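Chain A is the first sequence line, chain B the second, and so forth, proteins listed ahead of strands; every chain is numbered from 1. Only a predicted model underlies this, so the values are computations on that prediction, with no experimental measurement involved.
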Number of protein chains: 2
Amino acid sequence: MFDYEKIPFHWVNRLGFLVRKELTSAFRATEYAISAEEWAILLVLWRKGPQSHSALADVTIKDRTTVTRLIDGMVRKEMVNRAEDSTDRRRSVVALTEYGHSLQGALVPIAQGLITRASAGISPEDLAVTQRTLQKMTENILEAQPRNTKDIGK
Amino acid sequence: MFDYEKIPFHWVNRLGFLVRKELTSAFRATEYAISAEEWAILLVLWRKGPQSHSALADVTIKDRTTVTRLIDGMVRKEMVNRAEDSTDRRRSVVALTEYGHSLQGALVPIAQGLITRASAGISPEDLAVTQRTLQKMTENILEAQPRNTKDIGK
DNA sequence: AAACATAGGTGTACTATACAACTATTGCTA
DNA sequence: TAGCAATAGTTGTATAGTACACCTATGTTT
């Protein structure tokens with residue numbers, strides 16, 4: 001049998017699960033009960049501005065219906081709102097509300113704290129290699145993979 | 001705002017999600033519909049033999065009740081069974097059935113295929129650094145962390 | 001023996017996930 | 001340009017995973 005613990009996969013799973021859990025419970029300890037999935041959406045919106053559902057589904061690698069439900073919840077909690085795209089009336093554009101923007105100040109330091117804690121005793125070079133490797137692995141898997149929209153080669 | 005994409009966390013989440021999804025769908029394409037969580041439990045049992053619920057909760061970083069439900073399902077599907085621990089009658093020991101053992105031959109090659117696919121174009125050194133780094137990060141977070149049992153300092 | 005700790009299970013509730021099927025648009029092409 | 005195909009998003013429905021609060025049974029400590 002192969003030595004699973006010597007392979008990044010095992011740790012990707014383990015650490016991924018752990019991070020999600022830690023983030024969620026750290027957020028819940030504040031007055032903002034943000035889930036890890038909501039956090040992922042917020043990150044995109046903070047960095048890239050308003051996005052369509054399809055775009056969000058793509059970057060989060062989730063089904064469009066999952067995104068719909070997720071955004072439903074975030075609208076209910078008034079973190080984001082939906083507007084119509086003026087150029088394409090099928091499309092609705094998800095944008096941050098004032099409250100959604102303000103969450104950044106509260107949440108980012110928490111995430112940074114966790115990152116700092118996790119990175120203790122690890123050299124910047126190793127962190128960089130790890131980041132690159134994980135990114136490459138992600139791309140390898142996503143390559144030639146079905147997406148949510150079919151305009152892959154666009 | 002910090003550059004999240006330059007940090008391993010982002011990719012741990014993304015890749016972790018992707019791997020779980022890929023594994024699940026690859027398994028579902030066979031005659032064995034094994035979930036990623038069941039896979040994680042099976043891995044432990046294959047490698048380390050019979051385990052108590054608490055031990056499984058510890059390595060999978062899940063709540064004991066979650067493990068109970070997970071094992072319930074696996075017992076129903078006859079992958080594992082529960083036996084009493086002769087030395088401690090509170091404890092029940094989860095062990096593989098014949099069927100559970102046999103899954104190894106079917107499932108491991110699938111996982112290895114995914115690993116090979118993901119690792120394309122990455123040097124063994126980088127893979128090793130990544131594995132070490134992720135392991136260290138996991139340990140950093142788990143350190144001084146509440147566990148399922150309270151015998152932490154044991 | 002009493003108090004405490006641990007192993008595990010139940011009740012309950014909620015989140016995330018996604019397949020199938022649907023409507024409303026837009027784009028393409030014959 | 002008329003009609004068909006593709007796209008964006010939603011709803012119905014079903015399922016898995018998660019965990020809190022609380023419970024019982026057993027073992028440990030003082």
>> Can you identify which nucleotide, out of C:dA7, D:dC20, C:dT17, has its nearest atom closest to the B:T65 side chain?
In response: D:dC20
>> Which residue in the set A:R91, A:R82, A:R64 passes side-chain hydrogen bond (donor to acceptor under 3.5 Å, both in side chains) when paired with A:H53?
In response: A:R82
> What pairs with B:V93 under side chain to side chain contact (heavy atoms under 4.5 Å, CB included), at least two apart in sequence or on another chain?
Replying inline: B:P50, B:D85
> Under the 3.5 Å rule, do the base of D:dA8 and the side chain of A:S54 count as making a donor-acceptor pair?
Replying inline: no
> Which residues satisfy the side chain to side chain contact (heavy atoms under 4.5 Å, CB included) test with A:A106, sequence neighbours excluded?
Replying inline: A:Y32
> Whole-Å distance between D:dA16 C1' and A:F17 CZ?
Replying inline: 13 Å
>> As a test of reading the structure: which of D:dA19, D:dG9, C:dC19 is closest to the side chain of A:R91, going by heavy atoms?
In response: D:dG9
>> What's the angle between the local helix axes at either end of the helix from C:dA1-D:dT30 to C:dA30-D:dT1, using five pairs per end and rounding to 10 degrees?
In response: 30°
> What pairs meet the side chain to side chain donor-acceptor pair (under 3.5 Å) rule with one or both residues in residues 7-21 of chain B, with sequence neighbours excluded?
Replying inline: none
Could you list, one pair per line, each protein nitrogen or oxygen that sits under 3.5 Å from a nitrogen or oxygen of nucleotides 27-30 of chain D, together with the distance?
unit_1, atom_1, unit_2, atom_2, d
D:dG27, OP1, B:R89, N, 2.9

> Rounded to the nearest 0.5 Å, what separation is found between the CD atom of A:Q131 and the CD1 atom of B:I7?
Replying inline: 9.0 Å
>> On the side chain of A:R69, is there an atom forming a donor-acceptor pair with the base of D:dG12 - under 3.5 Å, no angle test?
In response: yes
> Once you round it to whole Å, what is the distance between P of D:dG9 and CG of A:L70?
Replying inline: 14 Å
>> As a test of reading the structure: which of C:dA18, C:dT10, D:dT18 is closest to the side chain of B:T68, going by heavy atoms?
In response: C:dT10
> Rounding to a whole Å, what distance do you find between A:L56:CG and D:dG9:C1'?
Replying inline: 12 Å
> Ignoring hydrogens and angles, are the base of D:dA16 and the side chain of B:S35 linked by a donor-acceptor pair under 3.5 Å?
Replying inline: no
> Heavy-atom contacts under 4.0 Å between residues 75-85 of chain A and DNA chain C, which residues?
Replying inline: none
